[in-house]
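Inspection log for the structure reproduced underneath, given as structure tokens.
Numbered from 1 within each chain, the chains take letters A, B, ... in sequence-line order. As a basis for the values below, the full set of heavy atoms in this structure was taken, side chains included, without hydrogen atoms, waters or symmetry mates.
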Amino acid sequence: MYVDVILRQKGRFSDMLFSYRVPDSLENKIDIGYRVSVPFGKSNKPIEAIVNNLKSENESEGTDFEIKEIFDVLGDEPLISRENMELISWMRDRYICTYLDCLNLFFPKGYTLNSTKIVKPVFSIEELTVEQEMSLDQAERKIINELYLSKEDVSYDSLTSRHSKSKLDSLISKGLVNIQWSYKEVVNEKKIKTVYLDEDLKCKIQMDSDYINCLKLGKKQLETVNFLILNDAVEQSALLDLLGVSNQTIKSLEKKGIIKIKEESHFRAPRQFLTVENKKIDLNSQQREVVDRIIEGIREQSRKPYLIHGVTGSGKTEVFLELIEYVLSQGMESVFLVPEIALTPQTIARVKNRFGNIVGVFHSQLSEGEKYDVFREVKNGNIRVVIGTRSAIFLPFDSLGLIIIDEEHDFSYKSEKTPKYDAIEVARYKAFKSNVAVVLGSATPSVPDYYNAKNGDYELLELNKRANNNLMPEISIVDMRKELHSGNSSPLSKELVAKMDLELKKGNQVILFLNKRGYANFMECKDCGHVFKCKNCDITLTNHKSLKKGICHYCGYEEHIPERCPKCNMTNIGSVGVGTEKIEELVSNLFPNHKTLRMDRDSTKKKNGVQKILEKFNKGEADILIGTQMLSKGHDFANVTLVGIISADLMLNFPDFKSYEQTFQLITQVSGRAGRGEKLGQVVLQTYNTEHFAIRSAANYDFKGFYETEIKLRKTFGYEPFNNIIRVVFANSDESVAKENSFRFRDTLKYLMEEKGIDSVRSILGPNECSIRMINNKFRWQVIIKNHGVDIKLLKSMIKYICIKKYENVFSKGIDISIEINPNTFI
DNA sequence: GGGCAACGCCCA
DNA sequence: GGGCGTTGCCCG
């Protein structure tokens, strides 16, 4: 038998399948998805690999390379399922990346194979002939003596660090010592040591309490034993803490046979529960209808994904929970994807409260060990419902029945790291291949997804009423141009302040939304016009007044803001624009008797920062919550009756074709935070663009109207969903290198396209400098490729050929190339 | 990406 | 010729 494997070895060359022979003894221990160790390279170094497919014949017969035999099969079950192995190949093509990039998504870092080179003498001392011994010089004799004396394996590296390398080489060429590879499997499991008394001893002590004195123990040891008489089994770390004894004490007690230490693997996943009221909510008729329809689809094994378009507060989460329950009852597992785990503590709590300890939480902020543990528990079948971010979709479920993608319009479902996959696309692939029900939900579906639904690629289901039967909060638009003309230059309009005053007096809570953290947009010297910019990126520094610093919101670079302008030495440094910090300052001056809270990336940096702020606000410890788009993500505040959107224009004027869509989404989502409880809500929307269709339709809750206008625009300009757009960014610390390579790429691609008779003029845009010229000290140039009727597969294979296979031939050394399909943003 | 042979340079 | 750093090639 033969297998093709994917090597867990980095490098352009290793991005291919390698064939190996399977020795007869391993034939029934191996299958697709198993981990194996294989010899690789001239030295036959053991490398870890995953079996991609099985073959009965050696297909490479007659080729000039020799087929090697695999060393071993690691583990007695496949690590990755057959379906997921197919998904890996699909993703490699789809996202123009390597096998390894994809493989790593399915692979907790807990498994590693460590290979070391070992030096061993060929003959034993007795076998060594006199001639052989005579031929050695002093240095060689020293080495070989060391090898004979050592009880353990001696590694090549440690030997050469102490002895001459060439002496060792000469021993090898004389045939006296041998070099072998040895490998060790490392599994990242946390072990907990539990300490308990030896049973016999315990009995003796219980029979005769004086027996303990016969042991002649030191003070600390005696203390430990006495403690263990009272406490059956204690974690070693706790023992050390409690009694202040040292590791040594424990060890010597163990040596004497007085105590025993037991090592057990331990599940590390943090099990923090946030308690919310566990009320079982009865579904309203609309919710019921949606649930029934999807259950029917699951029964019929319809492979079509569902898109639930439900207004904010329509109770999508309840629908999801109901579906999870059904799928569980059918013996299948579910995964519930959310945009950002930190922002959804309420959702996690609801899932956990409903389904108890079969619920796991998975996201990229877990430590590698914690990820490994969730992975293992999912594989064991102990975790059957996972709530997590996009990467949770790759967990090793046995029979996944349901993938829920909440807030499906959110950008975070597209990965910004290689492989730049889209979790929604992966889910759709799974729905198609393995009959998993995929349910997308949003109050503001993305334009391409709504288009898919209208085209029949998704089944569209609607929830157009709030679960509590409240009306949607009324949105009133405030024209900030008029506000300015009437002499109010404050970022807070008179109408907003008046309404805040009214609601606060009634004892209600207010949310103010501004999509800009920090104090102000940027800082400028009003005398010479000097603008403070980041040293690494082409970005203005945002003023964080509370810290007296300017911070780059891209790379995190910080700079103390001096009193005097570094250019003209004048003191007239002023801030332009507004951020959440400035709003907070304004509001506390206006309403000194009301407490404010601020929620943005700065105020939530600490562990559970978001959760703490949300809890405080929910308990009513503050009346006004000021925040960035973190606020928009599905939070439930019962007592909020007024939402103020400070500026709807920040997003609108972003240099990106998705900015209208994003503006619409943000306004709708943020407005949705008002009036979720018993009381009605209202929204004040401040803008300089009162007539813009994105703002108008958002204010009227007219998703369909927005969609109709936006889809026409996109058709005219050939954007998603009418074209696939591939963006290739070249980054280098030397601007001319970045530029030159982007041109080389364009020219090579053009050449290849024209060779195939494809018109390249309509498809290739650029090269252009990116809107953000420099990030992290690297200049960025981009080429954008639209597929305008060209087969996307052909285009991608060309790009892959240039950027991966012919990388060395085409590009300068050290240039960063990032390839993205339908990226979130083009800045 | 990494292992390794081949190469070239320095030094005695 | 040995010692050692650099380079370029190849990997089932």
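Taking the side chain to side chain contact (heavy atoms under 4.5 Å, CB included) definition, one finds that A/Lys433 meets it with A/Glu86, A/Tyr429, sequence neighbours left out. Remark: A/Asn723 pairs with no residue by the side-chain hydrogen bond (donor to acceptor under 3.5 Å, both in side chains) rule, at least two apart or across chains. Scanning for salt bridge (Lys or Arg N to Asp or Glu O under 4.0 Å) contacts around A/Lys371 gives A/Glu368, with sequence neighbours left out. Applying the side-chain hydrogen bond (donor to acceptor under 3.5 Å, both in side chains) test to A/Asp101 and every residue at least two apart in sequence or in another chain returns A/Thr98. Every residue was checked against the ring-ring contact (aromatic ring centres under 6.0 Å, His included) condition with A/Tyr34, not counting sequence neighbours, and none meets it.
Close to B/dC4, at under 4.0 Å from its OP1 or OP2, lies a side-chain N or O of A/Lys117.
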Enumerate the protein-to-nucleotides 7-12 of chain B contacts in which both atoms are nitrogen or oxygen and the separation is below 3.5 Å.
none

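Within the 4.0 angstrom heavy-atom criterion, no nucleotide atom of any strand lies near A/Leu7.
Residues A/Ser412 and A/Asp410 bring a donor and an acceptor atom of their side chains to less than 3.5 Å of each other.
Using a 4.0 Å cut-off on heavy atoms, the residues of residues 36-50 of chain A that approach DNA chain C are A/Phe40, A/Gly41, listed by number.
For residues 389-399 of chain A, no pair satisfies salt bridge (Lys or Arg N to Asp or Glu O under 4.0 Å), with sequence neighbours left out. Residue pairs meeting the salt bridge (Lys or Arg N to Asp or Glu O under 4.0 Å) criterion with at least one partner in residues 111-121 of chain A, sequence neighbours excluded, are A/Lys120-A/Asp153.
Stacking annotation: A/Phe18 is not stacked on the base of C/dC11 (requires ring centroids less than 5.5 angstrom apart and an interplanar angle below 30 degrees).
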